[in-house]
2 protein chains.
Amino acid sequence: MSSRRARPPEAVVEERRQDVLRHVIEHGEARIDELGERFGVSLMTMHRDLDDLAERGLLRKLRGKVAAFPALTMEIAARFREGLHLTEKEALGAAAVGEISAGQTVFVDCSTTVFPLVNRMREIEPLTVVTNSLRVVRILGPCQGIETVLIGGRYNNEFDSCAGPDVVDALGDIRADVGFISATAVAGGRLFHPVQDYAALKNAARGSVHRNVLLVDHSKFGKTATYAHGEVSDYDLVIVDSRTPEDEIDAMIELGAAVRVVALEETAKEE
Amino acid sequence: MSSRRARPPEAVVEERRQDVLRHVIEHGEARIDELGERFGVSLMTMHRDLDDLAERGLLRKLRGKVAAFPALTMEIAARFREGLHLTEKEALGAAAVGEISAGQTVFVDCSTTVFPLVNRMREIEPLTVVTNSLRVVRILGPCQGIETVLIGGRYNNEFDSCAGPDVVDALGDIRADVGFISATAVAGGRLFHPVQDYAALKNAARGSVHRNVLLVDHSKFGKTATYAHGEVSDYDLVIVDSRTPEDEIDAMIELGAAVRVVALEETAKEE
DNA sequence: AAATTTTATCACATAATGTGTTAACAATGG
DNA sequence: CCATTGTTAACACATTATGTGATAAAATTT
């Protein structure tokens, strides 16, 4: 009466694996047999799921259990944040793309928040796009009317981008019309990032850009991380979504920032 | 009595598409119905093959026929060279990996010739790898013991790497122990590349590397391209495969180059 | 409008892949 | 050393994914 074996569409499988990953990250670690039970698959299948996740570098397989990597101050790798708050990020991207005019040089930060924006940029041409994100290059590289310039330096696998002193140096020689920068944590109008190199990078980038735009979705507010990189008033425009806490918006306005709140079309499912 | 429809394994499909592409490149252009007939598939299927190739940017679909892109002096994009002379490239890679010691800084050129070598480099650690190739970064980036440094600059989609003055500048600040460089054409010991930026890049790289190793498979010999970038004697070691023409090897030795010929295990199928 | 070429849709064949079971295999812990 | 526990390999199966050709509809050229 057991023995029900089927083959779910690969999207379903991927979703389950994401769920497993989320569960492991939330609990720090978990027993493999428990996971199999909880997600209603056989032990063997759970092994396969975990092997897959481990191969992607998202968790570690130990004996009998798996463990998440030590949380990088607040959140785990970009690869995981990928699918989160997509509605919000789409809305931010839609609003931000209006800041770009054809022919300009645009700087794009390395952050999952900006990818929807980058996708929309494919329509505009000509355009020169400067970025330290390999992901952005992969999206824009094949586009005809767009010249893509990659800021080189030490490659960071976690964020799929370059960072470090070389990047800061290279930014010194660059001037962009518009720059889109993100933050992983915002509290009281102050911006934070868990990795020093990236905090430094964002500071340097701001100096090389004429009009700075900050993109943050509501999930980033009320949190901090180890390294500060300026505050919202350092930017010419701050774009947030409509689920951003009132008091955080007030704090930003208090600091003299120009804040634009973009509405969300449909209510996004919360996590 | 016709109507035989099956579903060949995807490797077979890919191979046919490569063959179609090769045919189109050799002839410059071809009628679509003729191609379908020649390759023994229906018109519809040939359309699908060509759509796929066109989407990859390997040829252009016109009305009733397809055209190759204007041959970039000699050969078309890296994406096409991909699967060619794999046996030779594997052999070159196997020989070249011996030149690397743990702890060194290694420069790797952007060329399909070096990818088998790069795969083998994953075993060695620690290692610092400097490259202008995004493909190399994608391979080595996730490796634990390897620090990957990407030379940034203007991104070139055709070669999936960065080139241009920024790259040459950045190379000036770098010093590597060993460098693996390739050439797309060699004639009489002189090296050539169809794109000026890349010829300049190879020259600059050579200056930043202590021990220069040149990797060339036999298919590159007896050809030239627009831009020269030095000659074989500029390198400390030249590695070629055993199917390299005698007279070309003699010419290289004449110029004072240290040439190592690596044997091929199995006879590779010629094209 | 007529001819030609492209795309859409269908039905089908088969490859690719997730699944659970069983059993072999490896590793840990007394 | 054995007993226990965890992992991997090998199957058989179910189902999805995908290439294929025929036909017809749509688009383009002449």
Side-chain angles (χ1 to χ4, degrees), chain A residues 1-24 27-69 79 83, chain B residues 1-24 27-69 79-80 82-83:
Chain A
M1 65 172 189
S2 57
S3 190
R4 121 215 82 101
R5 51 190 128 127
R7 187 220 181 272
E10 70 178 22
V12 173
V13 175
E14 179 56 25
E15 195 181 323
R16 184 187 62 227
R17 290 179 181 176
Q18 291 288 332
D19 290 345
V20 170
L21 176 60
R22 179 160 24 238
H23 181 271
V24 173
H27 291 68
E29 67 175 46
R31 287 203 48 82
I32 296 177
D33 43 15
E34 274 178 28
L35 286 173
E37 197 173 345
R38 166 181 288 265
F39 289 93
V41 299
S42 75
L43 185 61
M44 190 64 225
T45 295
M46 185 47 66
H47 268 289
R48 285 190 270 242
D49 283 4
L50 296 171
D51 284 342
D52 180 89
L53 291 168
E55 203 163 322
R56 289 195 248 168
L58 298 171
L59 47 73
R60 263 173 311 176
K61 257 188 102 177
L62 309 174
R63 185 181 172 81
K65 63 185 181 183
V66 289
F69 286 104
R79 290 161 293 201
Chain B
M1 67 174 191
S2 57
S3 189
R4 118 214 86 100
R5 54 193 126 124
R7 188 226 186 267
E10 71 177 22
V12 173
V13 174
E14 177 58 24
E15 195 182 323
R16 183 187 64 229
R17 290 178 181 178
Q18 291 287 331
D19 291 345
V20 170
L21 176 60
R22 177 157 29 231
H23 181 272
V24 173
H27 292 68
E29 66 174 47
R31 286 203 52 80
I32 295 178
D33 44 14
E34 275 178 28
L35 286 173
E37 197 174 344
R38 167 182 286 266
F39 289 93
V41 297
S42 76
L43 185 62
M44 191 63 227
T45 295
M46 184 48 66
H47 268 289
R48 283 190 271 242
D49 284 3
L50 296 172
D51 284 343
D52 178 90
L53 291 168
E55 201 162 325
R56 288 195 249 168
L58 298 169
L59 47 72
R60 262 172 312 175
K61 259 188 103 176
L62 309 174
R63 184 179 173 82
K65 63 184 180 184
V66 288
F69 286 104
R79 289 161 293 199
F80 172 58
E82 192 68 18

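The sequence lines fix the lettering, A, B, ..., with proteins before strands; numbering per chain opens at 1.
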Study note, to complete from the structure: Distance col, row A/His27:NE2 vs A/Leu35:CG, nearest 0.5 angstrom, shows 9.5 Å

Review point. Is the shortest side-chain N to carboxylate O distance from A/Glu14 to A/Arg56 below 4.0 Å?
Key: yes

Check your understanding: Roughly, in whole Å, what's the span from NE2 in A/His47 to P in D/dG6?
Key -> 9 Å

Check your understanding: Are the charged groups of B/Asp19 and B/Arg22 less than 4.0 angstrom apart, N to O?
Key -> yes

**Study point:** A/Pro8 or A/Asp51, whichever maps to the more 5' nucleotide of DNA chain D
**Key:** A/Asp51

Point to revise | Under 3.5 Å donor-acceptor pair, A/Arg63 side-chain atoms to D/dT5 base atoms | key: yes

Point to revise | Spacing of A/Arg7 atom CZ relative to D/dA14 atom P, expressed in whole Å | key: 15 Å

Review point. How long is the line joining CD of A/Glu10 and C1' of D/dT18, in whole Å?
Key: 11 Å

Practice item. Using whole Å, report how far CG of A/Leu53 lies from P of C/dG18. Key: 13 Å

Check your understanding: Looking across every strand, which nucleic acid part, if any, lies under 4.0 Å from B/Leu50 by heavy atom: base, sugar-phosphate, or nothing?
Key -> nothing

Check your understanding: Base, sugar-phosphate, or nothing for A/Lys65, non-hydrogen atoms under 4.0 angstrom?
Key -> nothing

Point to revise | B/Asp49 CG - C/dT6 P separation (whole Å) | key: 14 Å

Check your understanding: D/dA27 P sits how many Å from B/Lys61 NZ, rounded?
Key -> 16 Å

Practice item. With the side chain of B/Ser42 defined as its heavy atoms from C-beta on, choose the nearest nucleotide among C/dT19, D/dG21, D/dT20. Key: D/dG21

Practice item. Kindly compute the distance separating NZ (A/Lys65) from CD (A/Glu34), expressed to the nearest 0.5 Å. Key: 11.5 Å

Exercise for review: Calculate the interatomic distance between B/Arg48 atom CZ and D/dA17 atom P; express it in whole Å.
Suggested key: 18 Å

**Study point:** Rounded distance (Å) that lies between atom P of D/dA24 and atom CE of B/Met44
**Key:** 15 Å

